[in-house]
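What you see is a predicted model; the values in this text were computed from it and never measured. The first residue in the sequence is number 1, and the count goes up from there.
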Amino acid sequence: MSSLTTLMSEPAVTAAPSEPLTSLVARMHAHHVGSVVVTVDGRPVGIVTERDVLRCAAAAAPGASLTTDLAVDVMSSPVDAVTVRDEPRAVLGMMRERGYRHVPVLDEAGHVQGVVSLRDLARVAEVGPPDVPRGLKGVVVADTEVGDVRGAEGFYHYREHSAIDLARERPLEDVWRLLVDGALPSTAAERDTFRDEVAPLAALPEVLRPLLPAIAGSSVPLDGLRSALSIVAAAEGMRPTIDLDPAGRRADALRLAAVTPTILAALWRLRTGHQPVDPDPGLGWAANYVTMLTGTTPPPAHVRAIEQYLVTTVDHGFNASTFTARVVTSTGADVGAAIVAAIGALGGPLHGGAPSRALALLDEIREAGGDERAIDAVIRPRIVAGERIMGFGHAVYRTDDPRSLLLRDVARLLGGPVVDLALATERRVVELLEELKPGRELRTNVEFYAGVVMDACGIPRDMFTPTFASSRVIGWSANVLEQAAANKIIRPSARYVGPPPPQPVPPLTGSGT
Ligand SMILES: CC(C)(COP(=O)(O)OP(=O)(O)OC[C@H]1O[C@@H](n2cnc3c(N)ncnc32)[C@H](O)[C@@H]1OP(=O)(O)O)[C@@H](O)C(=O)NCCC(=O)NCCS
């Protein structure tokens with residue numbers, strides 16, 4: 001909300017107590033105001049409003065004029081005044097409570113500086129920003145055709161195709177094409193055309209190669225990815241989205257999404273003392289990623305499991321990182337800036353950083369004995385202490401997370417002791433949450449089985465969230481392109497709740513400069 005000084009009429013229309021009422025009426029007309037402040041030496045002693053004038057006229061004998069009435073006879077006195085430092089919402093509340101339509105506004109010295117009317121304040125209050133729930137929960141902030149999450153139904157889709165069906169039936173490149181170009185390939189030739197277009201884009205730019213060891217040595221891969229993608233975007237001259245046509249924006253988005261897995265794998269290998277493995281244009285996305293990461297040819301079952309995981313994580317509604325990408329795009333910044341910002345948002349444990357934590361929980365349970373008693377011993381005190389159990393609960397789903405159901409199937413197919421422990425843990429934790437947090441409908445989210453599946457496929461734990469990022473960059477790309485195509489800068493408001501400004505700048509005490 002604005003300050004009082006921007007809302008009030010200034011200078012105030014004033015009169016002396018001895019002036020005839022007719023002069024005040026003429027002054028109100030001349031200045032188009034509804035009140036005159038009666039002052040002595042610049043300080044308010046009363047106020048005469050249109051309402052006072054009407055009341056006076058109604059009380060006068062028929063045909064009598066107002067010339068004999070003086071301001072002092074008619075004015076409301078004493079007068080309540082406010083100061084320029086008062087908060088408009090508080091002033092509005094006071095005026096409504098006391099039935100005032102006009103209030104003099106005093107400067108710091110107590111002289112009348114202006115007058116604020118109920119209408120001025122009410123108008124600002126009405127058009128002022130509406131209050132929204134904390135965290136914008138449930139607030140619609142954009143129209144999108146990229147996809148949608150239906151929390152109550154336990155369903156989400158990419159451009160009207162169930163994401164889970166896509167994960168079961170299509171390779172990642174088909175879904176990438178769907179997200180960025182708007183349609184799945186409908187023929188093998190269309191699929192090949194897209195694959196042939198994106199395969200060479202996975203190569204590391206030469207300018208980045210000599211810089212990667214330093215990046216890998218100084219940061220974890222997800223943080224390193226931010227640095228590396230910034231370099232790619234700058235080195236390849238990516239221009240503000242606002243200056244590009246759709247083809248230019250698409251080209252930048254494809255390049256960044258294609259090179260992301262290569263960068264991540266290279267950062268990981270350098271960090272662990274190995275040489276990066278270049279992408280093989282003959283391999284599909286998932287096979288390439290696992291090969292570049294591990295340096296060995298993965299079994300097809302692992303490739304397919306990872307690919308299914310990657311397809312399920314391409315996009316998921318207006319989550320924090322997607323919103324971030326759109327906010328940055330809305331400023332007209334380049335695609336690289338939007339993707340890098342989104343990676344920053346994804347890094348937080350409440351968004352993308354939980355799968356390794358969920359697995360750490362399974363470790364703890366295994367070390368405690370691995371049976372139901374161990375699960376209880378590890379989980380119950382945490383819930384009682386108000387902690388959140390990693391891999392459970394979701395901001396949108398109030399039923400099973402469909403990604404978790406698919407990944408549970410994938411995990412079952414892969415098998416192994418960790419999978420068995422995860423299945424038992426899921427069952428028991430859901431029971432404990434139901435007992436200790438009744439009615440919250442807390443089930444496993446995508447992160448719980450994601451960690452289990454990636455672990456079973458040999459993806460190192462430190463690469464869980466980066467692997468999530470490697471496919472989510474496709475969803476961000478689609479959102480960036482959609483935002484840029486029909487842009488409006490995203491610029492919400494905050495309500496200031498600190499001490500009333502302006503506070504004097506305190507003098508510096510003590511010696512030194
Ligand atoms: C994902 C998450 C942030 C969603 O949070 P949210 O929508 O704000 O959830 P809510 O605050 O509405 O939760 C409602 C209640 O369930 C509880 N709750 C939610 N997730 C919980 C969890 N994982 N473990 C224990 N309690 C949980 C909350 O404490 C809250 O309890 P209260 O009503 O007594 O205050 C939250 O479930 C969480 O922190 N999960 C663990 C982290 C995780 O797995 N992240 C990956 C998400 S894909």
Side-chain angles (χ1 to χ4, degrees), residues 164 167-168 220-222 264-265 268 272 286-287 289-291 293-313 349 352-380 382-383 387-394 400-433 442-471:
I164 299 302
R168 291 193 195 280
V220 295
L222 194 64
L264 285 171
W268 171 253
T272 51
Y289 178 60
V290 185
T291 307
L293 199 59
T294 61
T296 56
T297 304
H302 288 185
V303 171
R304 188 60 193 134
I306 292 299
E307 180 157 55
Q308 287 186 296
Y309 166 66
L310 292 170
V311 170
T312 63
T313 51
S356 51
R357 293 173 187 235
L359 215 54
L361 207 65
L362 292 181
D363 287 345
E364 212 179 314
I365 291 168
R366 191 179 35 241
E367 279 157 22
D371 55 8
E372 192 168 307
R373 272 189 36 215
I375 300 170
D376 279 34
V378 170
I379 302 294
R380 188 183 282 275
R382 281 191 155 91
I383 304 176
E387 276 181 42
R388 299 197 167 208
I389 309 303
M390 289 295 149
F392 290 81
H394 195 270
D400 288 309
D401 181 337
R403 302 166 299 179
S404 154
L405 299 184
L406 174 87
L407 293 173
R408 186 167 61 199
D409 288 350
V410 173
R412 274 206 184 103
L413 274 178
L414 292 168
V418 179
V419 174
D420 292 342
L421 181 61
L423 291 166
T425 300
E426 179 193 15
R427 264 194 310 274
R428 185 62 190 145
V429 174
V430 168
E431 282 171 11
L432 287 172
L433 285 168
L442 300 166
R443 317 273 170 82
T444 47
N445 59 47
V446 61
E447 311 258 342
F448 186 73
Y449 281 107
V452 174
V453 167
M454 283 192 271
D455 185 64
C457 294
I459 306 287
R461 286 186 194 199
D462 288 346
M463 290 305 289
F464 284 2
T465 302
T467 302
F468 181 2
S470 77
S471 59

- [ ] Evaluate side-chain contact (heavy atoms from CB on, under 4.5 Å) for Arg380 paired with Arg428, printing each intermediate quantity in order.
- [x] CA-CA 10 Å; Arg380 188 183 282 275; Arg428 185 62 190 145; 3.9 Å; yes

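- Side-chain contact between Tyr449 and Val410: absent, with no pair of heavy atoms (C-beta onward) separated by less than 4.5 Å.
- From Arg357, atom CZ reaches atom CZ of Arg388 across 13.0 Å, with rounding to the nearest 0.5 Å.
- With rounding to the nearest 0.5 angstrom, the OG atom of Ser470 is 6.5 Å from the CG atom of Leu264.
- The minimum heavy-atom distance linking Leu310 with Ala286 is given by the pair CD1-CB, 4.5 Å.
- Considering only heavy atoms from C-beta on, Phe448 stays 4.5 Å or farther from Val429 through its side chain.
- Here CE of Met454 is found 9.0 Å from CG of Leu359. Values are rounded to the nearest 0.5 Å.
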- [ ] Mind running side-chain contact (heavy atoms from CB on, under 4.5 Å) on Leu413 and Arg304 for me, showing each step along the way?
- [x] CA-CA 11 Å; Leu413 274 178; Arg304 188 60 193 134; over 6 Å; no

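- Taking CZ from Arg443 and CG from Leu405, the interatomic distance works out to 9.5 Å, rounded to the nearest 0.5 Å.
- When side chains are defined from C-beta on, Val220 does not count as touching Pro466, because their heavy atoms never get closer than 4.5 Å.
- The two residues Leu442 and Gly393 come nearest to each other via the heavy atoms CD2-CA, 3.7 Å.
- Within the 4.5 Å cutoff, the side chain of His302 has no heavy atoms near those of the Val290 side chain.
- Closest approach of Leu406 and Ala167 over heavy atoms only: CD2-CB, 3.8 Å.
- Here the CG atom belonging to Leu362 is positioned 5.0 Å from the CG atom belonging to Leu421, to the nearest 0.5 angstrom.
- Side-chain contact annotation: Thr467 with Tyr289, donor-acceptor N/O pair under 3.5 Å present.
- Contact detail for Tyr309 and Phe464: the closest heavy-atom pair is OH-O, 4.4 Å.
- Heavy atoms only, all atoms of each residue included: Ala469 and Leu222 are closest at CB-CD1, 3.7 Å.
- With a 4.5 Å cut-off on side-chain heavy atoms, Val452 and Leu414 do not count as touching.
- Within the 4.5 Å cutoff, no side-chain heavy atoms of Gln308 are placed close to those of Asp409.
- Within the model, atoms CD1 of Ile379 and CD of Glu387 stand 9.5 Å from one another, a figure rounded to the nearest 0.5 Å.
- You'll find the side chain of Val378 stays beyond 4.5 Å of the side chain of Glu367, heavy atoms only.
- Between Asp400 and Arg408 there is no salt bridge, since no side-chain N of the basic residue sits under 4.0 Å from a carboxylate O of the acidic one.
- Nearest approach of Asn445 to Ser404, heavy atoms of both residues: O-CB, 3.7 Å.
- Electrostatic pairing of Arg373 and Asp376 does not count as a salt bridge here, judged by no charged N lying under 4.0 Å from a carboxylate O.
- With respect to Asp401 and Arg403, a salt bridge is recorded, a charged nitrogen being found less than 4.0 Å from a carboxylate O.
- Ile375 places none of its side-chain heavy atoms less than 4.5 Å from the side chain of Arg427.
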